[in-house]
Amino acid sequence: MQFSEFQLLVVLNTEMNMRKAAEKLFVSQPALSQRLQSIEKAWDTKIFVRSPKGLTPTPAGERIIDFAKEVVEKEEKIREQITALDSEVYGTLKIACASIIGQNWLPQILKRFVTKYPHAKISLITGWSSEILKNLYDDTVHIGIIRGNPDWKGIKKHLITDTMYLVDTEIQSIEQVLKTDRPFIQFKSDSTYYQEIQEWWHRTFQMVPKRTIIVDQIETCKQMTLNGIGYAILPSVTLAQEDTHIYKIPLLNEANEPLERDTWLIGYESAFELKQVKAFVEIIEETFNQR
């Protein structure tokens, strides 16, 4: 099989639909069908079963597709290593990023990156801290942007520190929390964030909230708060200057200092040697220097 045929199988497996795969590969459906038949003939086995619902890999097809994925991934890594020798920045920058940073801080950095390096590509995955670490361990991304203070043995660069606030459209002081019947809006997280908030809450109030609403995304939590449904604890990175119709009360730790949360850029040393990763780090440093 030629390398393009491996890509063809990977795209077919991703789309599970001949029409969509043909559009993505910029070929006609008949041409794609003919090429698939040629590949199946070369392997002397059926790779996909067609049905009105789309494509389904056969047991033998699953093994061939796994092999195709491996070849495509290895080819991409080799190309990245080769282009790293060139003066121009090519290749794909693969990032796994905490959702809160991906929504609020990262877009301005990526805008600068793609403007300065138009030949480079970006692959972005957002999620929880455990998912980011798994992507790094599995070598499916180059770098991770993670919240808290991760136990990471590779390269670890500090990015930002933001302050935690109790945010509401009505509550103006911490003392009013004990008197209000407004719900405490919380979002799910697998990081140390939830634990830190719980510790602060029990240290401050010695009681559980009267009413709570649990949501699955921090952006949902923020929008519900901005629309006056209840109060929430949010990091400053999520709050814009134009959010002037809300009260922001800083949370204090046991030393009566602002409760803060850090964001880190992490990855293996080999990844930081890639030109696209070096360029990304330079963009971050340029952005900080301009502030």
Side-chain angles (χ1 to χ4, degrees), residues 3 6-7 10 69-162 189-193 218 235-238 260-291:
F3 177 73
F6 289 114
Q7 290 179 311
V10 171
K69 287 179 181 178
E70 185 178 339
V71 172
V72 170
E73 289 174 0
K74 285 184 176 179
E75 191 269 352
E76 186 174 350
K77 285 185 178 181
I78 291 171
R79 286 187 179 276
E80 288 176 351
Q81 292 168 3
I82 292 172
T83 54
L85 302 174
D86 198 347
S87 58
E88 185 58 78
V89 177
Y90 290 92
T92 302
L93 174 65
K94 299 178 183 178
I95 309 172
C97 179
S99 297
I100 182 174
I101 299 300
Q103 293 169 348
N104 297 278
W105 178 84
L106 186 60
Q108 61 173 316
I109 303 296
L110 292 181
K111 181 180 179 181
R112 288 172 175 259
F113 181 83
V114 298
T115 301
K116 189 170 182 178
Y117 304 108
H119 299 297
K121 298 178 182 178
I122 295 171
S123 172
L124 176 63
I125 301 171
T126 59
W128 287 350
S129 298
S130 60
E131 296 168 333
I132 294 168
L133 289 171
K134 184 178 186 305
N135 280 298
L136 283 166
Y137 293 142
D138 292 345
D139 199 27
T140 56
V141 297
H142 298 136
I143 50 177
I145 299 177
I146 197 166
R147 301 277 284 169
N149 190 20
D151 182 18
W152 180 255
K153 304 303 181 185
I155 293 179
K156 181 177 173 183
K157 295 178 179 288
H158 183 261
L159 295 180
I160 57 173
T161 298
D162 50 302
S189 172
D190 72 337
S191 68
T192 55
Y193 173 87
I218 192 169
S236 55
V237 70
T238 65
E260 297 176 333
R261 192 155 177 81
D262 294 313
T263 300
W264 300 85
L265 176 68
I266 62 176
Y268 294 110
E269 190 171 343
S270 57
F272 279 85
E273 293 174 359
L274 295 171
K275 278 197 173 293
Q276 64 267 42
V277 176
K278 287 182 178 179
F280 180 71
V281 174
E282 288 173 3
I283 291 291
I284 293 175
E285 292 172 349
E286 289 173 6
T287 303
F288 286 159
N289 290 335
Q290 290 173 6
R291 291 177 180 175

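In this text, all values refer to a predicted model and were calculated from it rather than measured experimentally. Quick note: numbers below take in every heavy atom, side chains included, and nothing from hydrogens, waters or symmetry partners.
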Inter-residue atom distance [X].[atom1] - [Y].[atom2], 0.5 Å rounding:
X	Y	atom1	atom2	result
Asp162	Glu260	CG	CD	8.5 Å
Ile95	Thr126	CD1	OG1	11.5 Å
Thr92	Lys77	OG1	NZ	12.5 Å
Ile101	Ile145	CD1	CD1	7.5 Å
Glu282	Arg112	CD	CZ	13.5 Å

Heavy-atom closest contact ([X] atom, [Y] atom, distance):
X	Y	result
Pro150	Trp264	CD-CD1, 3.7 Å
Asp262	His158	OD1-NE2, 3.1 Å
Ile283	Ile109	CG2-O, 3.7 Å
Phe272	Val277	CA-CG1, 3.8 Å
Cys97	Gly102	SG-N, 3.5 Å
Leu136	Tyr268	O-CE1, 3.3 Å

Report yes if some heavy atom in the side chain of [X] is under 4.5 Å from a heavy atom in the side chain of [Y]; otherwise report no.
X	Y	result
Gln103	Ile218	yes
Trp105	Thr263	no
Asn104	Pro235	no

| If you measure from the Lys or Arg side-chain nitrogens to the Asp or Glu carboxylate oxygens, is any gap between Glu76 and Lys94 under 4.0 Å? | yes

| said: For the backbone of Asn135 and the side chain of Thr140, can you confirm whether one donor and one acceptor N or O come within less than 3.5 Å of each other? | reply: yes

| task | Apply the side-chain contact (heavy atoms from CB on, under 4.5 Å) test between Lys156 and each candidate in Leu265, Ile146, Asp151, Asn149; give the one that qualifies. | result | Asn149

